[in-house]
Amino acid sequence: QVQLGESGGGLVQAGGSLRLSCVVSGSAFSTYAAAWFRQAPGKDREFVAGLNWVGRSTPSADSVKGRFTITRDKTKNTVYLQMTNLNPDDTAVYYCAAKQWGSGTDYEADYDNWGRGTQVTVSS
């Protein structure tokens with residue numbers, strides 16, 4: 001098991017950018033798949049973007065394709081979500097998730113480690 005801590009959320013105007021960070025505590029970071037999910041008010045949590053355990057990205061959600069990029073830095077045990085051209089529909093709590101030896105799927109139940117989330121609010 002690892003612990004995850006997200007940061008980088010905040011208030012941004014439409015068209016702006018943010019970079020979210022997720023620090024993964026514990027050893028063997030490079031054996032973990034990771035993903036970002038988000039939950040908007042009154043909606044179910046949804047997949048945003050993922051990386052398999054070797055660090056290769058998996059297909060992101062259609063709503064963020066071309067705007068959001070997931071990466072990781074093994075030297076810092078950190079997973080990032082770079083978000084550009086934000087719009088009000090991106091307003092949500094963003095969660096980081098991880099699974100050892102995982103494949104970076106869009107299925108919530110595949111992940112057994114979750115952070116507490118960071119709020120992203122995009123104003124129009």
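In terms of heavy atoms, Lys43 sits closest to Gln39 at O-NE2, 3.1 Å. Considering all non-hydrogen atoms of both residues, Ala14 and Pro88 come closest at CB-CD, 4.2 Å. Shortest non-hydrogen contact noted between Asp90 and Asn85 is OD2-O, 4.4 Å. Across all their heavy atoms, Tyr111 and Gly104 have their closest contact at OH-C, 3.1 Å. Considering all non-hydrogen atoms of both residues, Thr91 and Val122 come closest at OG1-N, 2.9 Å.
Under 3.5 Å, the side chains of Asp73 and Thr78 contain no donor-acceptor pair of N or O atoms.
Taken from CG in Asp110 to OG in Ser103, the straight-line distance is 6.0 Å, to the nearest 0.5 Å. Here the CD1 atom belonging to Ile70 is positioned 9.5 Å from the OG atom belonging to Ser60, to the nearest 0.5 angstrom. Rounding to the nearest 0.5 Å gives a distance of 10.5 Å between CG of Asp89 and OG of Ser124. Note that CG of Leu81 is 6.0 Å distant from CH2 of Trp36, once rounded to the nearest 0.5 Å. Between atom OG1 of residue Thr31 and atom CD of residue Gln100 there is a gap of 3.5 Å, rounded to the nearest 0.5 Å. Summarising the geometry, atom CZ belonging to Arg72 is positioned 12.5 Å from atom SG belonging to Cys22; distances are rounded to the nearest 0.5 Å.
Classified by interplanar angle (parallel below 30°, tilted 30° to 60°, perpendicular above 60°), the ring pair Trp114/Tyr95 is perpendicular.
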Working for side chain to side chain contact (heavy atoms under 4.5 Å, CB included), residues Thr121 and Val12
CA-CA 6 Å; Thr121 303; Val12 63; over 6 Å; no

Worked verdict on Phe37 versus Cys96 for side chain to side chain contact (heavy atoms under 4.5 Å, CB included)
CA-CA 6 Å; Phe37 289 77; Cys96 181; over 6 Å; no

Taking it one step at a time, do Gln82 and Thr71 satisfy side chain to side chain contact (heavy atoms under 4.5 Å, CB included)?
CA-CA 8 Å; Gln82 179 67 49; Thr71 58; over 6 Å; no

Worked check of side chain to side chain contact (heavy atoms under 4.5 Å, CB included) between Thr69 and Tyr80:
CA-CA 8 Å; Thr69 304; Tyr80 300 100; over 6 Å; no

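Remark: Ser25 pairs with Gln3 by the side chain to side chain contact (heavy atoms under 4.5 Å, CB included) rule, at least two apart or across chains. Scanning for salt bridge (charged side-chain N to carboxylate O under 4.0 Å, His left out) contacts around Asp112 gives Lys99, with sequence neighbours left out.
Using a 4.5 Å heavy-atom threshold, the side chains of Leu86 and Leu18 count as touching. Using a 4.5 Å heavy-atom cutoff, the side chains of Phe68 and Ser63 are not in contact. Under the 4.5 Å side-chain criterion, counting only non-hydrogen atoms from C-beta, Phe29 is in contact with Val79. Between Gln119 and Leu11 the shortest side-chain heavy-atom distance does not fall below 4.5 Å. No side-chain heavy atom of Met83 sits under 4.5 Å from any side-chain heavy atom of Ser17.
Counting heavy atoms of neighbouring residues, nucleotides and ligands inside a 6.0 Å radius, atom NZ of Lys65 exceeds 12 of them.
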Acceptor/donor pairs from residues 44-54 side chains to any protein atom, 3.5 angstrom cut, sequence neighbours excluded:
{"from": "Arg45", "atom 1": "NE", "to": "Glu108", "atom 2": "OE1", "distance (Å)": "3.2"}
{"from": "Arg45", "atom 1": "NH2", "to": "Glu108", "atom 2": "OE1", "distance (Å)": "3.0"}
{"from": "Glu46", "atom 1": "OE2", "to": "Arg38", "atom 2": "NE", "distance (Å)": "2.7"}
{"from": "Glu46", "atom 1": "OE2", "to": "Arg38", "atom 2": "NH2", "distance (Å)": "3.2"}
{"from": "Asn52", "atom 1": "OD1", "to": "Val54", "atom 2": "N", "distance (Å)": "3.2"}
{"from": "Asn52", "atom 1": "OD1", "to": "Gly55", "atom 2": "N", "distance (Å)": "3.1"}
{"from": "Asn52", "atom 1": "OD1", "to": "Arg56", "atom 2": "N", "distance (Å)": "2.8"}

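Without hydrogens or angle criteria, Glu6 side chain to Arg116 main chain gives a donor-acceptor distance under 3.5 Å.
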